[in-house]
Number of protein chains: 2
Amino acid sequence: MSPKALRPGTKAAQPSEGLLDLRALQRTPGFMLRLAQLKFFEGFYEEFAALGLTPATYAIFVVIRDNPGVPPSSLASVLRLRLPNLIKILNELESSGFIKRNRSKSDRRAIELMLTPKGAKLIQEGARLTAPYNKKMLAPLDEAEQRSLLELLNRILRF
Amino acid sequence: MSPKALRPGTKAAQPSEGLLDLRALQRTPGFMLRLAQLKFFEGFYEEFAALGLTPATYAIFVVIRDNPGVPPSSLASVLRLRLPNLIKILNELESSGFIKRNRSKSDRRAIELMLTPKGAKLIQEGARLTAPYNKKMLAPLDEAEQRSLLELLNRILRF
DNA sequence: TATTGTTATACTCTATAACTATA
DNA sequence: TATAGTTATAGAGTATAACAATA
């Protein structure tokens, strides 16, 4: 692969950035996943800032859109958020008029989450930014490689 | 691919987890990267807890080991940590006797970071856990796919 | 004046415990 | 008694501003 700066075992002092031997980290999937995720989230904030969407609220909108009536507990589970932390976000989204909470008729403890028309409009606008955003983030990969990456990630997570 | 629960546009109420339509998120690289990273970090804490290593300190040890004399500013840059946040971790690692700070002779503002023998021993023990840990995390992928994933992540990050 | 390292501090994200209302 | 949702709160991670020492 990339013949990286070979810096043998010299005791050379203060190596400056760019000349560092990072090969061990480059072979560490967890570290590379962290850097990739940081890159995607930073890019997301730039791209979606005008709409006020964050990665978390984007995912929340998408799941409610595709699963109207989903309860907070299921939503927290699939998004890997703790329920109390999700509730805080839902409170903001509801008081801003983007989502609605309905009491279930069959189990009056349960909440059914729905998008309001305002929320549906917001995620629809967000969805229009998604393709160009992903394209920019994945620019170094060709189409087949982009599909491959997604498939490998899905397999790791056993979806 | 996986013929996922097809749930057409029924207005069906309170879909329970496992029956949710998550196809949009599964096609969202940023979201899948977040889930994969969470999986790797949770697995890391289980595997390395006995040694007291975190993902952050593991990476710090590896970079100093492979680049003795590296200054904090370069370290922060490659690990994508803000310098003040890295300094706090370095203070703990130094007072625990794992690393040492030397003043540079040529530029007396600069710090050269080194592992102590104790620190070198710790990362050596940590390195022995790395292969089995990565193998467990990547178990759903065969060898070629594991290499492919790493290479795609490296390309995204232009390493 | 600019740069390296450092401290102090604020903010966001995440985690746990406890409460309510329904079952 | 157990469960879904909620509140309060503590902790970890991450951000900016300001300062000391040196260049």
Side-chain angles (χ1 to χ4, degrees), chain A residues 13-17 30-31 34-35 37-39 41-42 44-46 49 52-60 64 69-95 99-114, chain B residues 13-17 31 34-35 37-39 41-42 44-45 49 52-60 64 69-95 99-114:
Chain A
Q14 63 266 46
S16 45
E17 192 206 338
F31 180 78
R34 175 177 172 272
L35 291 193
Q37 199 244 22
L38 279 177
K39 178 194 165 97
F41 274 35
E42 286 166 9
F44 188 97
Y45 281 107
E46 290 175 21
L53 284 170
T54 67
T57 55
Y58 178 92
I60 289 168
I64 300 178
V70 62
S73 52
S74 298
L75 188 54
S77 174
V78 300
L79 300 184
R80 301 290 246 104
L81 298 173
R82 299 286 164 148
L83 196 45
N85 301 325
L86 173 62
I87 297 290
K88 274 190 293 189
I89 303 175
L90 293 180
N91 288 344
E92 290 167 15
L93 295 181
E94 186 177 37
S95 62
I99 66 169
K100 201 158 58 84
R101 278 190 250 228
N102 293 330
R103 277 283 159 200
S104 165
K105 309 260 183 186
S106 51
D107 181 344
R108 299 193 40 74
R109 294 171 301 182
I111 293 286
E112 299 169 1
L113 296 170
M114 313 281 282
Chain B
Q14 63 269 44
S16 44
E17 192 205 338
F31 180 77
R34 175 176 172 270
L35 290 192
Q37 198 245 23
L38 278 177
K39 177 193 166 100
F41 274 35
E42 286 167 9
F44 188 99
Y45 281 107
L53 284 170
T54 67
T57 56
Y58 178 92
I60 289 169
I64 299 178
V70 62
S73 53
S74 297
L75 188 53
S77 174
V78 300
L79 301 184
R80 301 291 244 107
L81 298 172
R82 299 288 163 147
L83 196 46
N85 301 324
L86 172 62
I87 297 289
K88 274 190 293 188
I89 303 175
L90 294 180
N91 288 344
E92 291 166 14
L93 295 181
E94 186 176 39
S95 62
I99 67 169
K100 200 157 59 84
R101 277 189 249 227
N102 293 330
R103 276 285 157 199
S104 166
K105 309 258 185 188
S106 52
D107 182 344
R108 297 192 44 72
R109 293 171 302 180
I111 292 286
E112 299 169 1
L113 296 170
M114 313 282 282

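Below, chains carry the letters A, B, ... as their sequence lines are ordered, and counting in each starts from 1.
In this structure, B:Asn85 places its CG atom 14 Å from C1' of C:dG5, rounding to the nearest Å. For B:Ile99 and C:dG5, the CD1 to P distance is 12 Å, given to the nearest whole Å. Between the P atom of C:dA15 and the OH atom of B:Tyr45 lies a distance of 10 Å, rounded to the nearest Å. When rounded to the nearest whole Å, the span between CG of A:Leu83 and P of D:dT7 equals 11 Å. Taking atom CD1 on A:Ile111 and atom C1' on C:dA21, their separation rounds to 11 Å, with Å as the unit. Counting to the nearest Å, the C1' atom of C:dC13 and the CG atom of A:Leu79 are 15 Å from each other. Distance CG (A:Asn102) to P (D:dG5): 13 Å, rounded to an integer number of Å. Here C:dT7 presents its P atom at 12 Å from CG of B:Leu86, a figure rounded to the nearest Å.
In terms of position on DNA chain D, the residue among A:Leu90 and A:Arg34 whose nearest nucleotide sits closer to the 5' end is A:Leu90. For the pair B:Leu81 and B:Arg108, nearest-nucleotide mapping onto DNA chain D gives the more 5' position to B:Leu81.
Across D:dT22, D:dT9, D:dG5, the shortest atom-to-atom separation from the side chain of A:Lys88 is found for D:dT9. Residue A:Asn91 has its side chain nearest to D:dT7 when only D:dT14, D:dT7, C:dG5 are considered. Nearest to the side chain of B:Pro84, among D:dA2, D:dT16, C:dA15, sits D:dT16. Distance from the side chain of B:Ile87 is smallest to C:dG5 among C:dG5, D:dT14, D:dT6. For B:Ala110, the side-chain atoms get nearest to C:dT4 when compared with the rest of D:dT14, C:dT4, D:dT9.
Using a 4.0 Å cut-off, no side-chain N or O of A:Arg82 falls inside it from OP1 or OP2 of C:dT14. Under 4.0 angstrom from either OP1 or OP2 of D:dT6 there lies at least one side-chain N or O belonging to A:Arg101. For A:Ser73 and D:dG5, the shortest distance from a side-chain N or O to OP1 or OP2 is below 4.0 Å.
The two residues B:Thr54 and B:Phe44 come nearest to each other via the heavy atoms C-CE2, 3.3 Å. Scanning both residues, A:Pro72 and A:Ile87, for their nearest heavy atoms gives CB-CD1, 4.3 Å. The two atoms that bring B:Leu35 and A:Arg80 nearest to each other are CD2-CG, 3.5 Å, heavy atoms only.
In this structure, A:Phe41 reaches neither bases nor backbone, as no heavy-atom distance under 4.0 Å exists between it and the strands shown.
Put simply, the side chain of B:Arg109 and the base of C:dT3 share a donor and an acceptor less than 3.5 Å apart. Interface remark: the A:Asp107 side chain does not form any donor-acceptor pair with the D:dA4 base, using a distance-only criterion of under 3.5 Å.
No donor-acceptor distance shorter than 3.5 angstrom exists from the side chain of A:Arg103 to the backbone of A:Glu112, with no hydrogens or angles considered.
Residues A:Ser74 and A:Ser77 have side chains that never bring a donor and an acceptor to within less than 3.5 angstrom of each other.
Surrounding CZ of B:Arg108 are at most 12 heavy atoms belonging to other residues, nucleotides or ligands under 6.0 Å away.
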